[in-house]
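The chain is numbered in sequence order, starting from 1. Note that the structure is predicted; figures quoted are calculated from it, not measured.
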Amino acid sequence: KFEGKDIDVGAFVADQTKLGKIFKGSVSPKLDVRGRGLAAGDFAGSAEGPAEMRFKSLQLDTLDLLGPIGDALKKSNKVPGLKLTAVGGKGTTMDAFTALTKFIGGKAKLQKPIETKTNAGKMTLEGAAGLEAGPDLDAVLDLSPETVAKMTGDKVKLKKAVPVPMKIGR
């Protein structure tokens with residue numbers, strides 16, 4: 001059992017897995033997780049039990065939600081003369097959220113979907129993430145009208161968000 005407050009999630013993940021420091025942010029975990037082994041990697045592959053993780057914020061520099069959307073728009077040629085612009089920032093930043101999970105065989109399965117705001121719009125996540133294997137998530141990004149306007153240089157203006165389903169980590 002472990003309970004913590006405002007732990008640096010990037011340092012924690014880097015110390016406990018082979019993923020490196022791919023996260024920024026803080027988490028307050030409440031864990032009742034058991035595992036085997038002396039090395040962190042041994043535990044990561046055998047972790048079992050419930051875990052609640054409250055994030056104040058989470059930034060993933062390696063998760064680009066908008067790049068693939070822009071690439072798909074460019075390839076479609078549906079909007080003649082459209083030139084997409086970068087909307088700034090590297091990766092994805094998520095506002096505060098709570099992840100209720102259950103570890104099974106080193107993989108944390110979400111017990112209920114996560115809903116959070118990102119730098120591109122509201123996002124809902126479902127699925128699992130392995131301590132060693134990384135994420136295996138289904139997501140829906142409600143791409144905000146402001147983000148679409150920024151991406152298109154104000155050439156496309158929406159009245160409401162556009163849901164964009166995506167896979168993360170597969």
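By the salt bridge (charged side-chain N to carboxylate O under 4.0 Å, His left out) test, D64 is found to be paired with no residue, residues two or more places apart in sequence or in another chain being considered. Remark: K30 pairs with no residue by the salt bridge (charged side-chain N to carboxylate O under 4.0 Å, His left out) rule, at least two apart or across chains. Considering only residues two or more places apart in sequence or on other chains, T98 meets the side-chain hydrogen bond (donor to acceptor under 3.5 Å, both in side chains) condition with R54. Every side chain to side chain contact (heavy atoms under 4.5 Å, CB included) that A128 has, sequence neighbours left out, goes to K107, K109. By the salt bridge (charged side-chain N to carboxylate O under 4.0 Å, His left out) test, K56 is found to be paired with D6, residues two or more places apart in sequence or in another chain being considered. Taking the salt bridge (charged side-chain N to carboxylate O under 4.0 Å, His left out) definition, one finds that D61 meets it with K24, sequence neighbours left out. By the side-chain hydrogen bond (donor to acceptor under 3.5 Å, both in side chains) test, D32 pairs with R34, sequence neighbours left out.
Rounding to the nearest 0.5 Å places CG of L58 at 10.5 Å from CE of M53. Note that the CE atom of M94 and the OG1 atom of T116 stand 7.0 Å from one another [nearest 0.5 Å]. Here the NZ-CG distance, from K160 to D142, works out to 10.0 Å after rounding to the nearest 0.5 Å. The CD atom of Q59 sits 10.0 Å away from atom OG1 of T62, with the distance rounded to the nearest 0.5 Å. Atom CD of residue E3 and atom CD of residue E52 lie 8.5 Å apart, to the nearest 0.5 angstrom. For the atom pair L137 CG and L110 CG, the distance stands at 6.5 Å (nearest 0.5 Å).
Using a 4.5 Å cut-off on side-chain heavy atoms (C-beta onward), L65 and V164 make no contact. I7 has its side chain within reach of P29: a pair of non-hydrogen atoms, C-beta onward, lies under 4.5 Å apart. Contact check for V27 versus F12: no side-chain heavy atoms found under the 4.5 Å cut-off. Side-chain contact between T124 and I114: absent, with no pair of heavy atoms (C-beta onward) separated by less than 4.5 Å. Side-chain atoms of K167 and D138, non-hydrogen and from C-beta on, do get closer than 4.5 Å to each other. Residues L141 and T118 meet the side-chain proximity criterion, which asks for heavy atoms closer than 4.5 Å.
The two atoms that bring G49 and V33 nearest to each other are O-CG2, 4.0 Å, heavy atoms only. Between A14 and K21 the shortest heavy-atom distance is CB-N, 3.8 Å.
With hydrogens and angles ignored, the 3.5 Å screen pairs no side-chain donor or acceptor of S28 with any backbone N or O of K5. Using modelled atom types, one side-chain atom of T152 and one backbone atom of V148 make a donor-acceptor pair closer than 3.5 Å.
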Distance-only criterion, 3.5 Å: show the donor-acceptor pairs between side-chain atoms of residues 99-106 and protein atoms not counting sequence neighbours.
| from | atom 1 | to | atom 2 | distance (Å) |
| --- | --- | --- | --- | --- |
| T101 | OG1 | A51 | O | 3.0 |

Using the side chain to side chain contact (heavy atoms under 4.5 Å, CB included) rule, take N119 and T92 through it: C-alpha gap first, then chi angles, then the decisive distance, then the call.
-> CA-CA 6 Å; N119 48 326; T92 298; 3.8 Å; yes
Go through M123 and E115 one step at a time and tell me if the side chain to side chain contact (heavy atoms under 4.5 Å, CB included) criterion holds.
-> CA-CA 6 Å; M123 185 165 65; E115 291 185 3; over 6 Å; no
Go through D136 and I168 one step at a time and tell me if the side chain to side chain contact (heavy atoms under 4.5 Å, CB included) criterion holds.
-> CA-CA 6 Å; D136 184 11; I168 299 174; over 6 Å; no
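L66 and V140 end up in different hydrophobic clusters when Ile, Leu, Val, Met, Phe, Trp and Tyr side chains are linked at under 4.5 Å.
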